[in-house]
Amino acid sequence: MSKKRKINIPFNAKWTQNGVTIAGGNGKGNATNQLKNPLSLFVDDDQTVVIADTYNHRVIQWKNGDTTNGQVVAGGKGYGKGFNQLYQPRDALIDKETNSLIICDAGNQRVLRWYRRSGATQEEILIDNISCWGLAMDEQRYIYVSDIGKLEVRRYQLGEKNGTLAAGGNGQGDGLNQLNWPTYLFVDRQHNVYVSDRDNHRLMKWNKDAKEGIVIAGGQGKGNALTQLYLPNGIFVDTLGTLYVADYGNDRLMRWTQGVNQGTIIVGGNGEGAGANQFNGPVGLSFDRHGNIFVVDYDNHRVQRFTIE
């Protein structure tokens, strides 16, 4: 049920350098074989990929093996705040227990539950008046939401409106108790929260109930050295505590092992472009249970899969 499944990836794993397009890649548009500046994705156990197709104001699902067309599973009725509409959804995850999607409906400043059963057209507002970006869910089904307005991450029990502060909340800055544009999230089994602190060009780990975080990657100013990040976005942490990040401004994916002060480039880093070994703004990042990487390639309007070798 968690947005980020627990995956064992060998510490010396390598991936093919040429990605395969498994969704979109047919230019920017709103046809079912196209995407328009998507921001995130969720990979289900059967390798179905659910994508927040942000500027098409919809969530679209692509089944494993069918790279031709996706199926709209939420929104897609133009932007708005009607009961069948979304407005710039930034993140989505699957809640298996209720067979529903949890969606950050950013333009409407709300977090929604959207049921996946056929014929279901209405959604339920879980959290309102929130400048949401990233979502995560832990095993106890608490929802974690990053808020770029209040520069914080909060943890919510289902049905709760106010939540509990999990990271940030001390204004904009680069102090250890502050965030500057928190975007994507990951929560581990111990309920520690990993935050992409985008405009501080660093990744933070906030242990459960901590008053401040720890810098676990970057934090050396923006740049392309192996000690630096440039507008980091999607993040993933495996069972060894190894961190994976979509380094948006450098068009590369990086891996940071625990306790080291520099990362390694695992895919990309070949300049901005639309080649199979290139990105144009990698944002969302996830893995399937085999350790294959799925990346949302924002300005190429596609999702790429990189196979573990």
Side-chain angles (χ1 to χ4, degrees), residues 1-7 38-45 49-52 54 59 89-98 100-106 110-114 126-127 130-148 150-169 179 181-198 203-210 213-214 216-217 232-239 241-246 283-289 293-296:
M1 109 195 54
S2 166
K3 175 170 173 44
K4 309 289 191 184
R5 72 180 55 74
K6 311 302 180 276
I7 293 182
L39 275 175
S40 73
L41 80 166
F42 179 95
V43 184
D44 207 355
D45 292 335
V49 177
V50 171
I51 302 162
T54 305
V59 176
R90 287 190 184 128
D91 204 357
L93 60 87
I94 296 171
D95 178 11
K96 284 196 171 35
E97 204 139 314
T98 56
S100 65
L101 299 167
I102 310 285
I103 302 169
C104 161
D105 186 20
R110 61 191 185 180
V111 177
L112 303 174
R113 179 186 299 287
W114 197 297
L126 298 178
I127 307 161
I130 184 168
S131 298
C132 62
W133 191 294
L135 300 171
M137 184 185 270
D138 67 23
E139 271 96 353
Q140 295 176 324
R141 302 184 68 240
Y142 282 84
I143 296 172
Y144 298 73
V145 188
S146 62
D147 184 332
I148 56 172
K150 294 181 178 171
L151 303 167
E152 67 184 21
V153 178
R154 293 187 89 81
R155 178 177 67 242
Y156 297 85
Q157 200 165 7
L158 285 168
E160 187 184 19
K161 297 294 183 191
N162 297 321
T164 306
L165 188 68
L179 297 168
W181 212 262
T183 54
Y184 297 82
L185 301 176
F186 185 95
V187 179
D188 67 18
R189 286 171 192 257
Q190 288 73 44
H191 302 161
N192 304 316
V193 180
Y194 299 79
V195 188
S196 228
D197 190 11
R198 194 189 75 176
L203 298 177
M204 301 292 290
K205 177 184 180 182
W206 287 63
N207 292 319
K208 192 180 180 192
D209 302 326
I214 306 156
I216 53 168
N233 275 277
I235 51 175
F236 190 94
V237 182
D238 69 17
T239 51
T242 303
L243 179 75
Y244 300 82
V245 56
V283 280
L285 169 68
S286 194
F287 285 76
D288 66 15
R289 56 199 169 88
I293 304 175
F294 292 73
V295 186
V296 179

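Fair warning: this is a prediction, and the values are worked out from it, not measured in the lab.
The distance from the CZ atom of Phe236 to the CD1 atom of Ile7 is 4.0 Å, given to the nearest 0.5 Å. How far CG of Leu151 is from CG of Asp197: 9.0 Å, rounded to the nearest 0.5 Å. For the atom pair Ser286 OG and Ile235 CD1, the distance stands at 11.5 Å (nearest 0.5 Å). To the nearest 0.5 Å, the span separating CG on Asp105 from CG on Leu112 amounts to 5.0 Å. Rounding to the nearest 0.5 Å places CG of Leu135 at 7.5 Å from OG of Ser146. In this structure, CZ on Phe42 lies 9.5 Å from CG on Leu101, to the nearest 0.5 angstrom.
A salt bridge links Asp95 with Arg141: the closest approach of a Lys/Arg side-chain nitrogen to an acidic carboxylate oxygen falls below 4.0 angstrom.
For the residue pair Gly234 and Leu285, the shortest heavy atom distance occurs at O-CD2, 3.6 Å. The two residues Val145 and Cys132 have their closest heavy-atom pair at CG1-CB, 3.6 Å. Nearest heavy-atom pair, Pro89 versus Ala52, reported as atom, atom and distance to 0.1 Å: O-CB, 3.7 Å. Smallest separation of non-hydrogen atoms from Ala167 and Leu165: O-CD1, 3.6 Å.
Counting only heavy atoms from C-beta outward, the side chains of Arg189 and Glu139 approach each other to under 4.5 Å. Between Val187 and Met137, the closest side-chain pair of non-hydrogen atoms is not below 4.5 Å. Asp44 is not listed as a side-chain neighbour of Val50, based on a closest heavy-atom distance of 4.5 Å or more. With contacts defined as side-chain heavy-atom distances shorter than 4.5 Å, the pair Ser40/Val283 does not qualify. For the pair Leu126 and Tyr156, the minimum side-chain heavy-atom distance is 4.5 Å or more. Counting only heavy atoms from C-beta outward, the side chains of Arg154 and Asp147 never approach each other to under 4.5 Å. Residues Val195 and Leu185 meet the side-chain proximity criterion, which asks for heavy atoms closer than 4.5 Å. With a 4.5 Å cut-off on side-chain heavy atoms, Lys205 and Leu243 do not count as touching.
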Ile214 and Asn207: CA distance, side-chain angles, deciding distance, side chain to side chain contact (heavy atoms under 4.5 Å, CB included) verdict: CA-CA 8 Å; Ile214 306 156; Asn207 292 319; 3.7 Å; yes

Derivation and outcome, side chain to side chain contact (heavy atoms under 4.5 Å, CB included), residues Val153 and Trp206: CA-CA 10 Å; Val153 178; Trp206 287 63; over 6 Å; no

Residues Arg113, Leu158; criterion side chain to side chain contact (heavy atoms under 4.5 Å, CB included); working and verdict: CA-CA 10 Å; Arg113 179 186 299 287; Leu158 285 168; 3.4 Å; yes

Stepwise side chain to side chain contact (heavy atoms under 4.5 Å, CB included) test for Arg155 and His191: CA-CA 10 Å; Arg155 178 177 67 242; His191 302 161; 5.7 Å; no

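Contacts of Arg90 classified as side chain to side chain contact (heavy atoms under 4.5 Å, CB included), with partners at least two apart in sequence or in another chain: Leu39, Cys104, Ala106, Trp133, Ile148.
Between Tyr194 and Phe186, the ring planes are perpendicular. Angles over 60° get that label, and only those under 30° would be called parallel.
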